[in-house]
2 protein chains.
Amino acid sequence: MSVAADAIMGSMTSVPRRTTPAAVKVHDTILDRLGERIVSGQVPAGERLVAADWGEELGASRTAVREAVRVLESLGMVSVRRKSGITIRPSTDWMAFAPEIVRWRLRGAGRLVQLHELSELRAAVEPAAARLAASTADGVARAALGAAVQDMVTHADRANGADYLAADVRFHATLLRASGNSMFAGLTAVIEEVLVGRTEQELMPQTADETALRLHQEVAHAITRRDGEAAARAMTAIVDEADRAVQSLPL
Amino acid sequence: MSVAADAIMGSMTSVPRRTTPAAVKVHDTILDRLGERIVSGQVPAGERLVAADWGEELGASRTAVREAVRVLESLGMVSVRRKSGITIRPSTDWMAFAPEIVRWRLRGAGRLVQLHELSELRAAVEPAAARLAASTADGVARAALGAAVQDMVTHADRANGADYLAADVRFHATLLRASGNSMFAGLTAVIEEVLVGRTEQELMPQTADETALRLHQEVAHAITRRDGEAAARAMTAIVDEADRAVQSLPL
DNA sequence: TCGAAGAATATGTACGATGTATTGACGAGA
DNA sequence: TCTCGTCAATACATCGTACATATTCTTCGA
């Protein structure tokens, strides 16, 4: 790989060091490459590897590789032991709700399975969060919810665009936080991944679905009038509809 | 293996006491100290710190601090910018599901709040997992569920003991995995925390509640006969009862 | 007063050196 | 032949140093 070779050359010669891409940090790049590789199954569970190999292959220093491996370890994807090296752990041990892992799974062959599983998770969590939000949301949160819905309506003619997506993400993120439960709020990043992934998979129509918009408004209104059951019902309908879109995909 | 499960294995006679994993590695020690400090609020959100200070204070090199900070960053607890240093992010951005964060919260003053939030999460997730398991669980999983219930019955006279707790944990863990959804399965460790924590808080009676045992059996039976709705109903009753116990605690 | 150039600073990255736990080979003894 | 202890090799663990780079702060000039 020429990039790696270039990086190695650059580090050997003192003056012309390779200029790294501005916004991207090396350890983030390493982490991303390694994570994607493990999730995709290119490195099977139980495989034992040596950190130095990764560093050499990717043209990065031990420092960068170590930092990436440390994160992979905290994600439960690898275990590190002296002398033995780095062992890939079975996928059942992974922190499946970590945004990074979700993103990697959405990027690979298992993306439809991941989307479906995320839908099932949403179906369980989001109605419950809506029910809680109806009793705990303060004025600021209610206003934010309404504003997010309004933005969705505004950009309804480009439902597959970035503005609509941003409003949709803001709606669900606001609601999860408004539930007052930090566990639910912690799912924000994961929910965001599925919404972004859905748009990237081109599952969104050009024009927003009337029913979907109405349901979002219904959730916001129900929370405003503190009707938890109605909020949960409408949210259930939202995630059910989203799951149907995923289900319609060809496996 | 999770901390909770390990503790269960280690002690059969008394309530397992979760100890701080003897972090033999410096960066694990740093991570643990920093994480606990942030979660406890000793370093408030928005605070800007310098990595070198932490290193000097804890007597560790910059390398070790960097690795710990990298993990904290992946947990959403801090953001790192050049020159600006390390900024503590608001708790709403944290990955509340990370075992580390749950452990830190259970260790500090927010222990009871954390337990209550875990109950709310269970109420949302476990009935859904039971419904899924009814249609996807294979023979092995069904047998494991039945065996776990049987163990609970066997140790019903010591419902506040380690054996009953272990069977209870095994029941819920098996069910979550049997759902066939890796996101639900990934919540196993977190669910374990609340079960162990409930016993530690001495919320369990000496003799197991008749109703609770019957409900667990009902879940297992419903899953065996593929009755998803009945399984979800019974599981809802289980978590509702568990939540009442937590609610009774003084905040 | 304002803006641009430069200094200061904290993180980003690389690498060498040394410590150390773990492994696996090897050989002695039963 | 088998078992067990010893020892060398290995790969991570940690520290320290050096330099790059981005961001902020300061200073100075128009």
Side-chain angles (χ1 to χ4, degrees), chain A residues 1-34 38 43 46-89, chain B residues 21-34 38 43 46-89:
Chain A
M1 186 178 289
S2 64
V3 177
D6 192 16
I8 292 171
M9 294 275 288
S11 60
M12 280 180 166
T13 61
S14 55
V15 180
R17 179 158 294 177
R18 186 174 75 96
T19 58
T20 55
V24 181
K25 297 168 190 168
V26 172
H27 56 254
D28 283 335
T29 308
I30 306 285
L31 173 63
D32 197 63
R33 303 273 291 270
L34 295 182
I38 294 171
V43 253
E47 183 98 348
R48 275 167 45 166
L49 305 122
V50 181
D53 296 343
W54 275 346
E56 189 176 351
E57 180 186 345
L58 298 172
S61 69
R62 292 197 319 278
T63 308
V65 173
R66 273 187 65 80
E67 290 176 8
V69 168
R70 192 64 53 219
V71 174
L72 289 175
E73 190 180 30
S74 86
L75 292 175
M77 295 176 70
V78 304
S79 63
V80 183
R81 282 162 46 95
R82 278 187 172 160
K83 166 76 177 176
S84 299
I86 299 160
T87 309
I88 309 295
R89 298 177 62 180
Chain B
V24 291
K25 297 170 188 166
V26 173
H27 56 254
D28 282 335
T29 309
I30 307 284
L31 174 63
D32 197 63
R33 302 275 289 274
L34 296 183
I38 294 171
V43 261
E47 184 96 349
R48 275 168 45 167
L49 306 121
V50 182
D53 295 344
W54 276 344
E56 190 176 352
E57 179 186 345
L58 299 172
S61 71
R62 209 167 134 229
T63 308
V65 174
R66 275 188 62 80
E67 289 176 10
V69 168
R70 194 62 55 216
V71 174
L72 289 176
E73 189 180 31
S74 87
L75 292 175
M77 295 176 70
V78 304
S79 63
V80 184
R81 282 163 49 93
R82 276 189 176 161
K83 167 73 179 178
S84 300
I86 298 159
T87 309
I88 309 295
R89 297 177 63 181

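Below, each value reflects all heavy atoms present in this structure, side chains not excepted, and no hydrogens, waters or symmetry copies. Everything numeric here is computed off the predicted structure, so don't read it as measured data. Residue numbers start from 1 in every chain, and the chains themselves are labelled A, B, ... in the order their sequence lines are given, proteins ahead of strands.
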Practice problem: Return the value, rounded to whole Å, for the distance between atom NE2 of His27(A) and atom C1' of dT21(D). | Solution: 14 Å
Practice problem: Grab the CD1-P distance between Ile86(A) and dT23(C) for me, whole Å please. | Solution: 15 Å
Quiz item: Are the side chain of Thr29(A) and the backbone N or O of Lys25(A) linked by a donor-acceptor pair below 3.5 Å?
Solution: yes
Self-check item: Shortest non-hydrogen contact between Ala60(A) and Val26(A), atoms and distance
Solution: CB-CG1, 4.0 Å
Report each atom pair, protein N/O against N/O of nucleotides 16-18 of chain C, whose distance is under 3.5 angstrom.
unit_1: dG16(C); atom_1: N7; unit_2: Arg62(A); atom_2: NH2; d: 3.1
unit_1: dG16(C); atom_1: O6; unit_2: Arg62(A); atom_2: NH2; d: 2.8
unit_1: dA17(C); atom_1: N6; unit_2: Arg62(A); atom_2: NH2; d: 3.3

Exercise. Report the distance from atom NZ of Lys25(B) to atom C1' of dA21(C), rounded to the nearest whole Å.
Key: 11 Å
Exercise. Could you tell me the separation between the CH2 atom of Trp54(B) and the P atom of dA10(C), rounded to a whole number of Å?
Key: 14 Å
Quiz item: Residues in side-chain contact (heavy atoms from CB on, under 4.5 Å) with Val50(B), at least two apart?
Solution: Ala52(B), Asp53(B)
Practice problem: Please figure out whether Arg82(B) or Ser84(A) has its closest DNA chain D nucleotide nearer the 5' end. | Solution: Ser84(A)
Practice problem: Give the rounded distance in Å between these two atoms: CZ of Arg48(A) and P of dT22(C). | Solution: 13 Å
Practice problem: Indicate the atoms forming the closest heavy-atom contact of Ala68(B) with Ile30(B), along with that distance. | Solution: CB-CG2, 3.7 Å
Quiz prompt | Most 5' of Leu49(B) and Ala64(A) on DNA chain C, judged by nearest nucleotide | solution = Leu49(B)
Quiz prompt | Qualifying residues under side-chain contact (heavy atoms from CB on, under 4.5 Å), relative to Arg82(B), sequence neighbours excluded | solution = none
Quiz prompt | For atom CG of Leu58(B) and atom C1' of dT14(D), their distance in whole Å | solution = 15 Å
Exercise. Write down the atom of Val78(A), the atom of Val69(A), and the distance for their closest heavy-atom approach.
Key: CG2-O, 4.1 Å
Quiz item: Which residues pass the side chain to side chain donor-acceptor pair (under 3.5 Å) test with Arg62(A), sequence neighbours left out?
Solution: none
Quiz item: So which nucleotide from dT23(D), dT22(C), dT11(C) ends up closest to the side chain of Lys83(B)?
Solution: dT23(D)
Quiz item: Val43(A) and Leu49(A): which non-hydrogen atoms are nearest, and at how many Å?
Solution: CG1-CD2, 3.8 Å
Quiz prompt | Within residues 66-81 of chain A: residues closer than 4.0 Å to DNA chain D (heavy atoms) | solution = Arg66(A), Arg70(A), Val80(A), Arg81(A)
Exercise. Keeping to residues at least two apart or across chains, list the side-chain hydrogen bond (donor to acceptor under 3.5 Å, both in side chains) pairs with something in residues 64-73 of chain B.
Key: His27(A)-Arg70(B), Arg66(A)-Glu67(B), Glu67(A)-Arg66(B), Glu67(A)-Arg70(B), Arg70(A)-Glu67(B), His27(B)-Glu67(B), Arg70(B)-Glu73(B)
Quiz prompt | N/O donor-acceptor pair, side chain Thr63(A) with base dC15(C), under 3.5 angstrom | solution = yes
